[in-house]
Student: 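Sharing a structure below in structure tokens format, with a few things to ask.
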Amino acid sequence: MSSVLDRRPAPPTTGPRPAPPKRRTRVLALPEARWALAALVLFLIALPLDLAGAPAWAWGPLYALAYATGGWEPGWAGLQALKEKTLDVDLLMIVAALGAAAVGQVLDGALLIVIFATSGALEAIATARTADSVRGLLDLAPATATRLTADGEQSIPVEELAVGDTVLVRPGERIGADGRVLDGASDVDQATITGEPLPVAKHRGDEVFAGTLNGTGALRVRVERDAADTVIARIVAMVEEASETKAPTQLFIEKVEQRYSLGMVAATLAVFAVPLALGTAFTDSLLRAMTFMIVASPCAVVLATMPPLLSAIANSGRHGVLVKSAVVMERLGQIDTVALDKTGTLTEGAPHVTDIRPLPDSGLTEHQLLALAAAAEHPSEHPLARAVVDAARDRRLPLATATGFTSTPGVGVTATVDGRTVTVHAPDRDCPATTDPVSALEDAERTAVVVATDGTPVGVLGLADRLRPDAAATVRALTALTGAAPVLLTGDNPRAARRLAEDTGIGEVRAALLPQDKAAAVKEWERAGRKVLVVGDGVNDAPALAAAHTGIAMGRAGSDLALETADAVIVRDELATVPAVVALSRRARSLVVQNLVIASVFITVLVVWDLVATLPLPLGVLGHEGSTVIVGLNGLRLLRDSAWRRARAESRR
């Protein structure tokens, strides 16, 4: 249990330290983004001129520039792939676009170019932002540490610390190395590592981690791990490894990319060469081949896949869920196992006053006891102190002015309120007056603090992290969607984890886990063939989010690394949107299948017509464009609010 300690960080002796700058790649610093933006702008300028019947010289050069700016990178990549004796769908799209332009369908080709350029830019942005966050995580650890030697203090880079060195950690500083406390007492905020919602009291013999934030006490720490082996360094390594080794899941149509690409190229050449060899005029053979390329090109197939997924992404975004790509939206519908973090995910991640218990002989009411404690705690900035003050404010209790405020790390705070000395402190195990209420609160997984006036206990307050109102309903919905109850993965203590699992209906509990333990559990399930969805919010969840089939981060209080590593972000912290977006993803996948059937039927009919008879080019274009419009409109159905409402209803069944 965390105790109430002094909570206001002492000012650093060298003046305020600025927050480390965020290393964030600008979107337009990426060449893929610049080329895609240029192609999109040119296309949007040319499109209304084309549709309005303007002369070709007005819109033709703009389309040509859109082809060049958006198509040269995937075209070059496709040519590089040809050197490796592979044919990818990017090159096929460029060929199809050029073929469309060759027979006068310039608009079709430009649309294909813009779609593929934009997709490549989004992938590049996501990759860059993840790399930014991994690098930014290193800023959690300080650059220097104060090493204690026989000659006094020495400030050195943390990389030069060796196992066995002793370092001094002053109030308000970040700890520079993993180690063990030799002397001193303080509260340490280690949520970045363990996910615990409250600062943890540290005394002689306790373990501390690099990158965690010291409270108001000074600590002498013996270094037990090299800088490259600290927990924070291992988190960085695990996220980088997962990002590099986890092969990106391809969209359905991309899984048959090679066969389709080779088949279409071979068929187009055959449609041109065979009639030509049999005496057909060159122009007629070329026109038939170009018609074949148009009707067989995967425009409708591409649109069959993208509009349902992109519409689902847009709808989710309106309802507070940021899904980062179409691939992610597809993956969400595949999950069969859910792993949930505790603090900040199922709970709100901040302490709240849950119990106010005046002692029988105190003569105080609950409101009087809370007002007295809040007045004494008001000068403090500790999370528990803020919770007490917020509870008093919620009840609109007037707070007296406190004077003579003092704090003692590991003990508590003292102040003079209305002429009485008020102390708010950790429980004293030798005080019989508070034994029963303290024990009852601790049995209920509450953090107990004792309020005393002039040295006499007058009451006990209970504080705890509060369960989100929709946590239990979310667990039930995820259980219904996947057929199995979610698993709880938490760095918190097993007792608190089991109680939360009982309250929410979670079956399996894995508690007291470090970040690498969470990632190992996810990898274990993935090796067993399960598709795991991880929902978390902290730095300590990032390796598991990266290792999972799909990761979702809670956005309001989520760490930068968790937000960038995750595949989707719950912007408004509404936990109930998790099963809703999974249900919407499954609906989008069903529409993708519908669209693929429609597109395949159109392509098959038009291709057969072109091969066994003479398909007029205008009719071929009409059929091709008609199939594209039909599948596009079918996919756009998921833009409606009713689609989200239906997904939420399905997730509650």
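Counting begins at 1 with the first residue of the sequence.
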Student: Please report the closest heavy-atom contact between Ala374 and Ala392, naming both atoms and the distance.
Tutor: CB-CB, 3.6 Å
Student: Can you check whether Val581's main-chain N or O pairs, donor with acceptor, with Ser585's side chain at less than 3.5 Å?
Tutor: no
Student: Could you check whether any side-chain N or O of Glu526 sits under 3.5 Å from a backbone N or O of His549, counting only pairs where one atom can act as donor and the other as acceptor?
Tutor: yes
Student: Is any side-chain heavy atom of Ile506 less than 4.5 Å from a side-chain heavy atom of Leu346?
Tutor: yes
Student: Counting only N and O atoms by type, is there a donor-acceptor contact under 3.5 Å from the side chain of Asp465 to the main-chain atoms of Ala350?
Tutor: yes
Student: Between the side chains of Glu442 and Arg495, is the shortest nitrogen-to-carboxylate-oxygen separation below 4.0 Å, so that they form an ion pair?
Tutor: no
Student: Verify whether one side chain among Thr550 and Asp567 offers a donor that lies under 3.5 Å from an acceptor in the other.
Tutor: no
Student: Going by heavy atoms in the side chains, are Glu224 and Asp178 under 4.5 Å from each other?
Tutor: no
Student: Please answer whether the main-chain N or O of Glu207 pairs with a side-chain N or O of Lys202 as donor and acceptor at a distance below 3.5 Å.
Tutor: yes
Student: Say whether, by atom type as modelled, one donor and one acceptor occur between the side chain of Arg468 and the main chain of Gly344 under 3.5 angstrom.
Tutor: yes
Student: Does a donor on one side chain sit under 3.5 Å from an acceptor on the other, for Arg420 and Thr453?
Tutor: no
Student: Determine, stepwise, if the pair Arg510 / Leu488 fulfils side-chain contact (heavy atoms from CB on, under 4.5 Å).
Tutor: CA-CA 6 Å; Arg510 299 193 184 188; Leu488 183 62; over 6 Å; no
Student: Leu369 and side chain to side chain contact (heavy atoms under 4.5 Å, CB included): which partner among Val451, Val460, Leu359?
Tutor: Val451
Student: Give, for atom CG of Leu161 and atom CZ of Arg147, the distance between the pair rounded to the nearest 0.5 Å.
Tutor: 6.5 Å
Student: For Cys431, does its backbone N or O pair with a side-chain atom of Thr435 as donor and acceptor, under 3.5 Å?
Tutor: yes
Student: Taking the side chain as every heavy atom from C-beta outward, state whether Val509 and Pro494 have any atom pair closer than 4.5 Å.
Tutor: no
Student: Testing the basics here: between Ala375 and Ala402, what is the closest heavy-atom pair and its distance to 0.1 Å?
Tutor: O-CB, 3.3 Å
Student: So how far is it from Asp165 CG to Thr149 OG1, rounded to the nearest 0.5 Å?
Tutor: 9.5 Å
Student: Please examine the side chains of Asn214 and Arg170, heavy atoms only from C-beta on, and report whether any two atoms are closer than 4.5 Å.
Tutor: no
Student: If I take atom CG from residue Leu533 and atom OG1 from residue Thr482, how far apart are they, to the nearest 0.5 angstrom?
Tutor: 9.5 Å
Student: Identify the two heavy atoms, one from Ala647 and one from Leu584, that lie closest to each other, and give their separation to 0.1 Å.
Tutor: CB-N, 3.7 Å
Student: Would you check if the side chain of Asp470 reaches a backbone N or O of Leu575 as a donor-acceptor pair within less than 3.5 Å?
Tutor: yes
Student: Which of these passes side-chain hydrogen bond (donor to acceptor under 3.5 Å, both in side chains) with Lys342: Thr504, Asp492, Thr490?
Tutor: Asp492
Student: State whether Asp341 and Lys518 are salt-bridged, where the test is any N-O pair (Lys NZ or Arg NE/NH1/NH2 against Asp/Glu carboxylate O) under 4.0 Å.
Tutor: yes
Student: Could you tell me whether Arg180 atom CZ has more than 12 heavy atoms of other residues or ligands within 6.0 Å of it?
Tutor: yes
Student: Minimum heavy-atom separation for Leu545 and Gly551, please, with both atom names.
Tutor: CD2-CA, 3.7 Å
Student: Do Leu478 and Val578 have side chains that approach each other closer than 4.5 Å (heavy atoms only, starting at C-beta)?
Tutor: yes
Student: Heavy-atom distance under 4.5 Å between the side chains of Pro358 and Val458, does that happen here?
Tutor: no
Student: Should Asp428 and Val450 count as side-chain neighbours, where that means a heavy-atom distance under 4.5 Å?
Tutor: no
Student: Please evaluate residues Val188 and Asp206 with respect to the criterion side-chain contact (heavy atoms from CB on, under 4.5 Å), reporting the C-alpha separation (whole Å), side-chain torsions for both, the decisive distance (0.1 Å), and the verdict.
Tutor: CA-CA 11 Å; Val188 175; Asp206 290 337; over 6 Å; no
Student: Has Arg446 got a side-chain atom pairing as donor or acceptor with Leu463's backbone, closer than 3.5 angstrom?
Tutor: no
Student: As an exercise, state the distance from OG1 of Thr403 to CG of Asp418, rounded to the nearest 0.5 Å.
Tutor: 9.5 Å
Student: Would you please name every residue forming a side chain to side chain donor-acceptor pair (under 3.5 Å) with Arg645, sequence neighbours left out?
Tutor: none
Student: Is it true that Asp443 and Arg499 have a side-chain N and a carboxylate O under 4.0 angstrom from each other?
Tutor: no
Student: How long is the straight-line distance from OG1 of Thr456 back to CG of Asp361, given to the nearest 0.5 Å?
Tutor: 10.5 Å
Student: List the steps and the verdict of side-chain contact (heavy atoms from CB on, under 4.5 Å) for Leu332 and Ile552.
Tutor: CA-CA 10 Å; Leu332 280 166; Ile552 296 180; 4.0 Å; yes
Student: So, Thr416 side chain and Gly419 main chain: donor-acceptor pair closer than 3.5 Å or not?
Tutor: no
Student: Any side-chain heavy atom of Val534 sitting closer than 4.5 Å to one from Asp541?
Tutor: no
Student: Do you know the tightest heavy-atom contact between Ala547 and Ala519?
Tutor: CB-O, 4.5 Å
Student: side-chain contact (heavy atoms from CB on, under 4.5 Å) between Val535 and Met554: does it pass, once the steps are laid out?
Tutor: CA-CA 7 Å; Val535 185; Met554 305 300 290; 4.1 Å; yes
Student: For Thr337, check side chain to side chain donor-acceptor pair (under 3.5 Å) against everything at least two apart and list the hits.
Tutor: Arg530
Student: Applying side chain to side chain donor-acceptor pair (under 3.5 Å), can you list everything that pairs with Glu366, at least two apart in sequence or on another chain?
Tutor: none
Student: Looking at every heavy atom in both His203 and Ala201, which two are closest together, and how far apart are they?
Tutor: CE1-CB, 3.8 Å
Student: If I take atom CD1 from residue Ile356 and atom CG from residue Leu461, how far apart are they, to the nearest 0.5 angstrom?
Tutor: 6.5 Å
